[in-house]
Amino acid sequence: MNFDRVVFQGLQGPLSDSLHKDFTNLFRKGYVRANGGVMPEYFQEFAEDIKNFNVRSDDAFVCSFPKTGTTWTQEMVWCIANDLDFEAAKVPLQVRFPFLDHTTLFDYEDLLSTRPDVVFPPHVLDSIGFLDNFPSPRFIKTHFPWPLLPRQIVENKPKMIYVARNAKDTCVSYYHHSRLLEGYRGSFDDFCELFLGDSLCFAPFWSHVLEFWHRRNEPNFLFVKYEDMIKDLPSVIRTTADFLGKKLSDEKVAILTEHLSFNSMKNNPSVNYEDVVEINRKYNLIDKKEIEKGSFMRKGSVGDFKGQMSKDMVSRFDDWTEKNLKGTGLSFNV
Ligand SMILES: Nc1ncnc2c1ncn2[C@@H]1O[C@H](COP(=O)(O)OS(=O)(=O)O)[C@@H](OP(=O)(O)O)[C@H]1O
């Protein structure tokens, strides 16, 4: 695999050094392009372990670029596959539906050497080992772009559910996430530049989406849009249930729609990542003011970019989107 050092840049060239410092903090020392995808430097140590990860044919993956509705889709998939067992769904989503990438994202050893008081659970410290020992059927979250995913996905054909969201709302959500959980202190405009310049972790954005879009008609792939979930969640629930080979009565669809509503998920401690925010709060890992201002379940809407992006930035995102989606048949209409 090729690893090149990442220089943070927007479409118009490199950005200031201070931005680089924002993203290189207690958790991450720097970034590399691994087979083209932007990953924390630390990922290099695990790239082969991820490629060689044992995939089972009865695994279900939820794949996505960050902030596109991953958690929402995970909860939907898990509840459908587990016949709406809301009692069992009280176990935190991170444990029921582990994040394959976790181990590779932060240098925990280094962090623990300076902060031995910080306690991380095993699904965070060793997500690969945690999943290796997980009983089937497994549910696995990942943000890895297609070229970094485990090799056995091709031969063992697990269920692959991809969720995509329009670039402008994804960027706004990623910006708030980066302030709340990753220590970003730069401006919103600079963050937009980084997004457009494919410099953020898990970028490039469009190839991430399109690799899955192009596979959407393969029998073990399902492509879902965040905007469709907002518009008609019951219909997305039915399509996903068919894909997972589950039958849901209209009554069950209505119950699940309610369980997955934004307000219900915002108030559901097993899916709203309050425990992760709490680790940051408890150990002072992130500025307290940011934590007080933010929450993981933030707005949950389509078009949130309107109050935040300048007209000029909106038109740059629209041009970028048009250029990348031309001839693909994929559109977002936002
Ligand atoms: N039930 C429901 N309804 C509508 N929207 C929802 C829901 N659950 C999560 N969300 C919104 O999804 C955004 C978080 O995305 P991810 O789960 O992909 O984040 S992560 O990458 O896993 O950190 C984040 O979007 P923003 O509010 O725009 O920041 C969440 O609010």
Side-chain angles (χ1 to χ4, degrees), residues 27 38-39 61-80 89 92-94 96-102 105-106 123-124 127 139-145 161-182 184 188 191 195 200-203 205 208-209 212 224-234 236-237 240 255-277 279-280 286 290 293-309 332 334:
F27 309 106
V38 177
M39 295 303 300
F61 283 76
V62 164
C63 312
S64 61
F65 190 83
K67 312 318 290 181
T68 54
T70 325
T71 314
W72 198 10
T73 307
Q74 285 176 269
E75 184 66 357
M76 172 178 73
V77 165
W78 193 93
C79 287
I80 294 171
L93 188 63
Q94 303 92 287
R96 286 181 277 136
F97 212 129
F99 183 29
L100 174 62
D101 325 10
H102 241 317
L105 298 183
F106 306 109
H123 64 270
V124 172
S127 51
F139 300 89
I140 305 173
K141 162 186 170 176
T142 181
H143 290 318
F144 287 134
I161 299 125
Y162 189 84
V163 58
R165 186 181 192 183
N166 76 83
K168 289 169 287 188
D169 286 332
T170 302
C171 175
V172 170
S173 184
Y174 206 173
Y175 165 73
H176 288 285
H177 173 100
S178 301
R179 291 195 82 88
L180 179 67
L181 291 169
E182 287 170 18
Y184 180 69
F188 176 61
F191 194 89
F195 198 101
L200 294 166
C201 197
F202 299 109
F205 179 74
H208 201 295
V209 177
F212 285 87
V224 173
K225 284 198 264 180
Y226 179 92
E227 290 74 11
D228 291 343
M229 292 172 78
I230 291 279
K231 199 161 96 192
D232 187 355
L233 185 56
V236 177
I237 290 174
T240 308
I255 292 170
L256 184 55
T257 300
E258 172 50 32
H259 176 80
L260 295 173
S261 72
F262 182 73
N263 279 338
S264 156
M265 284 194 50
K266 193 173 172 70
N267 294 313
N268 179 349
S270 76
V271 298
N272 64 18
Y273 287 100
E274 282 305 314
D275 57 338
V276 181
V277 178
I279 288 181
N280 285 326
I286 298 281
E290 291 302 326
K293 275 193 283 180
S295 69
F296 185 87
M297 298 289 167
R298 205 181 51 87
K299 288 272 184 67
S301 60
V302 175
D304 184 41
F305 69 89
K306 283 177 191 149
Q308 315 204 33
M309 262 185 203
F332 288 91
V334 180

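We count ligands from 1, going down the list as the structure has it; atoms in each ligand are counted the same way.
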Closest protein heavy atom to [atom], given as residue, atom name and distance to 0.1 Å:
atom                    : value
atom 19 (O) of ligand 1 : Lys67 NZ, 3.1 Å
atom 30 (C) of ligand 1 : Phe296 O, 4.0 Å
atom 18 (O) of ligand 1 : Thr70 OG1, 2.4 Å
atom 5 (N) of ligand 1  : Tyr226 OH, 2.8 Å
atom 9 (C) of ligand 1  : Met297 SD, 3.3 Å
atom 29 (O) of ligand 1 : Ser173 OG, 2.6 Å

Proximity flag [X] to ligand 1, non-hydrogen atoms under 4.0 Å:
X      : result
Ser64  : no
Tyr273 : no
Asp304 : no
His143 : yes
Gln74  : no
Tyr174 : no

- Taking the six-membered ring for Trp, are Phe191 and Tyr174 ring centroids under 6.0 Å apart?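 For Phe191 and Tyr174, the ring centres are under 6.0 Å apart.
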
Are [X] and [Y] close enough that some pair of their side-chain heavy atoms sits under 4.5 Å apart?
X      : Y      : value
Gln94  : Phe99  : no
Met265 : Leu260 : yes
Thr68  : Val209 : no
Cys79  : His259 : yes
Lys225 : Arg165 : no
Thr70  : Val62  : yes
Phe202 : Met39  : yes
Asp304 : Arg298 : yes

At under 4.0 Å between heavy atoms, is it the side chain or the backbone of [X] that contacts ligand 1, or both, or neither?
X      : value
Ser264 : neither
Arg298 : both
Leu260 : backbone

- Proximal candidate to atom 17 (O) of ligand 1 [heavy atom criterion; set Leu233, Val302, Thr71]: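 It is Thr71 whose heavy atom sits nearest to atom 17 (O) of ligand 1.
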
- Item | Shortest reach to atom 13 (C) of ligand 1 by a heavy atom, considering only Arg165, Met229, His176 |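 Heavy atom nearest to atom 13 (C) of ligand 1 belongs to Arg165.
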
- Query: Any N/O of Gly300 closer than 3.5 Å to an N/O of ligand 1?
  - Reply: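 In this structure, Gly300 places an N or O atom under 3.5 Å from an N or O of ligand 1.
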
